[in-house]
Amino acid sequence: MARHCIIVESPSKAKTIGKYLGKDYRILATVGHIRDLPKKDLGIDTAHRFEPKYVAVPGKKDVIMNLKKAVQDAKDIFIATDPDREGEAIAWHVAQILDLDPSAVKRVAFHEITKNAVLEALAHPVPVNLELVNAQQARRVLDRLVGFELSPLLWRKIKPSLSAGRVQSVAVRLIVEREAEIESFAAESAYRVAARFLPADAEGKTEINAELPKRFKEENKAEAFLESCRTAAFLVDDVEKNKAKKQAPPPFTTSTLQQEAGRKLRFSVSQTMMLAQKLYEDGHITYMRTDSLNLSSLALAMIKAQIVEMFGEAYSHPRKFKTRSKGAQEAHEAIRPTDMHLSEAGDNKNVRSLYRLIWKRSMASQMAAADVERTKVRIRNDKNTELLEAKGEVVTFPGFLKVYQQDEDKENLLPALKKEDKLTLIEMEAVEKFSQPPARYSEPALVKKMEELGIGRPSTYAPTISTIQKRGYVEKGDKAGEAREYRRLLLKDGRISAETLSEVANAAKARLYPTDTGRVVNRFLTEYFEDIINYNFTAGIEQDFDDIAEGKREWHAMIREFYDPFHARIEQNFDNKTNFRGERLLGTDPVSGKNVYAKIGRFGPIVQLGEVQSKEKPRFAGLKDDQRLDTLTLKEALELLAYPKEIGNYEGSPLTVAVGRYGPYIKHKSTFYPIPANQDIAAVDLEHAIALIGTAREKESNKLIRDFPEEKIKVLNGRYGPYIAHAGKNYRIPKNTDAEKLTADNCREIIRQAPEKDHKRSSARRKKK
DNA sequence: CAGTGAGCGAGCTTCCGCTTGACTT
């Protein structure tokens with residue numbers, strides 16, 4: 001029997017809809033885009049009307065074949081890809097591939113995935129919106145032109161395999177500029193006065209923590225203030241009470257989920273997305289790549305019921321949130337559990353804790369605001385005119401705080417006080433406090449910033465962050481922090497003492513740092529293509545895309561206007577042969593008299609001794625991980641150039657210490673022995689080297705489990721356990737096999753039975769050699 | 001893995017945004 005055919009993007013969505021609609025409907029998924037520009041060529045006719053050449057997305061042949069087969073005997077074909085720009089384009093490509101007339105296609109939009117919403121949508125099909133499709137084509141073509149013309153320029157000017165693009169280059173810029181702000185930051189210090197009191201006549205032992213709003217720049221001023229307080233009597237000057245509300249947070253979008261999972265659970269952006277994907281595929285949450293704060297009516301009712309059941313009517317406050325982020329397309333709902341009764345879900349710890357977070361946030365978003373009472377107590381004394389202030393905060397109605405706490409929601413209790421109450425000073429201190437430099441971006445903080453700028457989409461935040469790290473523009477790392485001394489003056493028992501203490505300042509975990517390559521690439525783009533990496537570039541062209549989508553503008557003309565001046569600058573830069581490698585002359589080598597430079601080399605930052613153009617070829621050495629192009633000294637450069645260095649003889653052959661691609665190593669009789677990373681290579685002498693070789697040889701002998709020299713078969717201990725090596729290939733040993741007891745025959749059998757693998761990865765690697 | 005960095009010239013690299021599996025000797 002012929003069935004209705006519905007085409008969606010996500011296989012999970014197809015499954016869900018299938019459950020609602022039953023046997024009369026057949027639901028197929030495109031699994032994302034099915035056609036795109038070719039992977040290798042530009043695929044755009046820039047000489048004419050930027051005609052794009054579309055090819056099937058690699059690996060999508062099966063999907064396309066299934067679509068073609070399914071529609072042959074279909075009663076109706078509904079294209080229900082996501083209701084946004086990309087979804088409209090997918091709908092159009094589907095129509096093209098299926099040879100359907102776009103104006104006759106039944107395009108439907110599911111704004112929420114509930115039975116009623118789906119049936120309602122199916123009842124109101126519309127044609128494909130070609131203007132919206134054109135806006136997507138313009139977006140696609142512009143991104144391809146920028147990426148595929150800028151990147152080759154970088155290969156030529158800086159080094160191979162680099163990349164640039166509308167989104168990634170701005171992300172790198174943000175990180176480079178933040179680092180520059182930190183570098184130019186000069187910490188200032190001032191003395192902060194804090195005091196602890198007890199009510200003079202109260203039985204209660206609740207302390208009052210007060211602070212002086214004013215800070216003292218100089219220590220003697222702070223000391224003079226403490227001195228004046230030494231014999232002072234303290235009184236409550238006045239008590240001010242204010243009622244305030246803390247508003248419930250909106251439900252999660254991709255960006256806010258990444259931020260909160262990072263802050264509360266310490267997940268990286270990609271980790272959060274992988275865990276969320278799992279919850280989505282298991283049907284526990286709605287779609288996790290979304291910029292919408294919208295909750296379906298079904299969801300609102302379900303959340304409300306859950307709140308009322310758990311906390312009572314007073315805690316329910318249903319509401320809809322409006323999206324504030326730039327360029328939001330809102331094709332999906334906010335991220336929420338599919339079933340609010342399920343307060344826990346997932347089959348491992350991390351999945352479960354992410355689900356809990358989503359569940360709590362969804363609850364909180366529909367709960368009442370919290371009522372807090374803030375108290376400010378001013379404290380005067382009889383020896384000077386300054387007022388100290390103590391602040392208290394009490395939650396009088398928790399509202400959403402019942403389920404969702406922010407870190408800053410700490411209560412601070414103050415004892416009951418009234419005007420003119422006497423206070424007893426326990427102690428008062430003046431501590432030198434330093435101003436904080438701007439914080440380096442964490443991954444979620446970078447996503448937040450990108451979202452604010454309207455750069456990137458929920459589906460690309462995580463991949464973009466991994467791209468800029470893969471290209472070597474940015475590294476994620478911890479910083480131990482610097483030890484810093486500060487002064488503390490203490491007034492206690494009528495005496496003032498002073499001491500110098502030490503603290504660790506500015507330690508941070510998992511932050512993003514620019515590399516030398518990232519800085520140089522950014523410098524180049526800033527100098528020649530500032531308009532592309534300008535923070536407003538995307539916002540500007542998004543306006544153009546909107547105009548195209550509304551039929552107010554023609555897309556070829558828009559791209560032409562952008563492309564001609566852009567391409568002219570690309571050509572101009574290609575024509576002048578000068579490199580852009582951040583080269584810096586450090587000085588001259590006192591031994592050879594040659595110049596010493598620091599610059600970006602083929603594989604990263606290097607130092608160079610001598611001239612590239614000279615007959616005698618220059619010598620090179622890579623920088624160490626903690627060294628930087630901009631700050632490297634001549635002395636450090638000469639130390640790097642001291643290798644390879646012969647340090648003596650062993651077993652009749654010379655021993656050489658050198659630094660290569662994978663770090664420092666010792667070379668002996670054409671064998672390489674890596675030097676451990678924590679070891680200073682300057683300290684590696686003959687004795688050291690011999691010891692290192694000894695342990696390396698011992699380890700090597702442990703690696704070999706069985707050896708069958710006639711068959712050229714070895715059983716070795718590897719990273720993933722024992723395996724068989726033969727003729728340049730490795731073979732997995734079947735489970736429950738004792739590797740120690742394998743015979744040559746066993747091994748031959750395993751090799752014979754090994755499945756013939758011919759996947760792309762290994763063939764690509766072979767090609768490389 | 002393989003221990004570079006010039007230059008020669010071959011062949012390669014590269015974008016953003018939509019969606020999931022493979023595949024971990």
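Quick caveat: nothing in here was measured; it's all calculated off a predicted structure. Both backbone and side-chain heavy atoms feed into the values below; hydrogens, waters and symmetry mates do not.
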Between the protein and nucleotides 15-18 of chain B, are there any N/O to N/O pairs under 3.5 Å, and if so, what are the atom names and distances?
| residue | atom | partner | partner atom | Å |
| --- | --- | --- | --- | --- |
| B/dC15 | OP1 | A/Ser163 | OG | 3.2 |
| B/dC15 | OP1 | A/Gln168 | NE2 | 2.7 |
| B/dC15 | OP1 | A/Arg471 | NH2 | 3.2 |
| B/dC15 | OP2 | A/Arg471 | NH2 | 3.4 |
| B/dC15 | O2 | A/Arg140 | NH1 | 3.0 |
| B/dC15 | O2 | A/Arg144 | NE | 3.3 |
| B/dC15 | N3 | A/Arg140 | NH2 | 3.1 |
| B/dC15 | N3 | A/Arg144 | NE | 3.1 |
| B/dC15 | N3 | A/Arg144 | NH2 | 3.1 |
| B/dC15 | N4 | A/Arg144 | NH2 | 3.1 |
| B/dC16 | OP1 | A/Val167 | N | 3.0 |
| B/dC16 | OP1 | A/Gln168 | N | 2.9 |
| B/dC16 | OP2 | A/Gln168 | NE2 | 3.2 |
| B/dC16 | O4' | A/Asp143 | OD2 | 3.3 |
| B/dC16 | O3' | A/Arg166 | NH2 | 3.0 |
| B/dC16 | O2 | A/Arg139 | NH1 | 2.9 |
| B/dG17 | OP1 | A/Arg166 | NH2 | 2.9 |
| B/dG17 | OP2 | A/Thr460 | OG1 | 3.0 |
| B/dG17 | O4' | A/Arg139 | NH2 | 3.4 |
| B/dC18 | OP2 | A/Ser459 | OG | 2.7 |
| B/dC18 | O5' | A/Ser459 | OG | 3.4 |
| B/dC18 | O3' | A/Glu9 | OE1 | 3.2 |
| B/dC18 | O2 | A/His33 | N | 2.6 |

Starting from [atom2] on [N], measure out to [atom1] on [X] and report it in whole angstrom.
X	N	atom1	atom2	result
A/Arg602	B/dG3	CZ	P	13 Å
A/Leu142	B/dT14	CG	P	20 Å
A/Lys15	B/dG21	NZ	C1'	14 Å
A/Asp62	B/dT20	CG	P	17 Å
A/Lys13	B/dT19	NZ	P	8 Å
A/Glu611	B/dG7	CD	P	12 Å
A/Leu28	B/dT19	CG	P	17 Å
A/Trp155	B/dC12	CH2	C1'	8 Å

A/Pro676 side chain reached by A/Leu692 side chain, heavy atoms, under 4.5 Å: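 Contact flag for A/Leu692/A/Pro676 side chains = yes.
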Minimum side-chain heavy-atom gap A/Leu98-A/Lys68 below 4.5 Å: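 Result yes, sub-4.5 Å side-chain heavy-atom pair found.
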Closest-nucleotide 5' rank along DNA chain B - winner of A/Val659 and A/Pro160: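 Upstream on the strand: A/Val659.
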Nearest-nucleotide comparison on DNA chain B, the residue closer to the 5′ end among A/Pro152 and A/Phe620: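 On the 5' side of the pair lies A/Phe620.
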A/Glu530 with A/Arg173: basic N within carboxylate O range, under 4.0 Å: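 Looking at A/Glu530 and A/Arg173, the cut-off is met.
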Which atom pairs, donor and acceptor, lie under 3.5 Å between side-chain atoms of residues 611-624 of chain A and protein residues at least two apart or in another chain?
| residue | atom | partner | partner atom | Å |
| --- | --- | --- | --- | --- |
| A/Glu611 | OE1 | A/Tyr597 | OH | 2.8 |
| A/Glu611 | OE2 | A/Asn595 | ND2 | 3.1 |
| A/Glu611 | OE2 | A/Tyr597 | OH | 2.8 |
| A/Ser614 | OG | A/Glu611 | O | 3.1 |
| A/Ser614 | OG | A/Glu616 | O | 2.6 |
| A/Glu616 | OE2 | A/Lys594 | NZ | 3.2 |
| A/Arg619 | NH2 | A/Leu641 | O | 2.6 |
| A/Arg619 | NH2 | A/Tyr643 | O | 3.1 |

Residues which pass ring-ring contact (aromatic ring centres under 6.0 Å, His included) with A/Phe566, listed by chain and number, not counting sequence neighbours: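 For A/Phe566 the ring-ring contact (aromatic ring centres under 6.0 Å, His included) partners, ignoring immediate neighbours, are A/Phe529, A/Phe562.
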By ring-ring contact (aromatic ring centres under 6.0 Å, His included) - contacts of A/Phe50 (at least two apart):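 ring-ring contact (aromatic ring centres under 6.0 Å, His included) check on A/Phe50 returns A/Tyr563.
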Sugar-phosphate, base or nothing in reach of A/Tyr673, heavy atoms under 4.0 Å: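 It contacts nothing in the nucleic acid.
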Gap between atom NZ of A/Lys60 and atom CG of A/Asn66 - 0.5 Å precision: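 So the gap between those two atoms works out to 12.5 Å.
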Phosphate OP1/OP2 of B/dT20 contacted by A/Gln277 side-chain N/O (<4.0 Å):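 True: A/Gln277 side-chain N/O within range (under 4.0 Å) of B/dT20 OP1/OP2.
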Identified salt bridge (Lys or Arg N to Asp or Glu O under 4.0 Å) counterpart of A/Asp516 within the set A/Arg581, A/Arg628, A/Arg584: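 One option only clears the test, and that one is A/Arg628.
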Inter- and intrachain pairs under salt bridge (Lys or Arg N to Asp or Glu O under 4.0 Å), touching residues 134-148 of chain A, at least two apart: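 For residues 134-148 of chain A: A/Asp36-A/Arg140, A/Glu86-A/Arg139, A/Arg139-A/Asp143, A/Asp143-A/Arg166.
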Rounded C1' spacing from B/dT24 to B/dG3 in Å: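 Taking atom C1' in both B/dT24 and B/dG3, they lie 27 Å apart.
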Stems formed with participation of DNA chain B [Watson-Crick or G-U wobble, under 3.5 Å, three or more pairs]: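 Stem list for DNA chain B: none, no run of 3+ pairs.
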Aromatic ring of A/Phe672 stacked on base six-ring of B/dG3, 5.5 Å, 30°: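 Given the distance and angle limits, yes, they stack.
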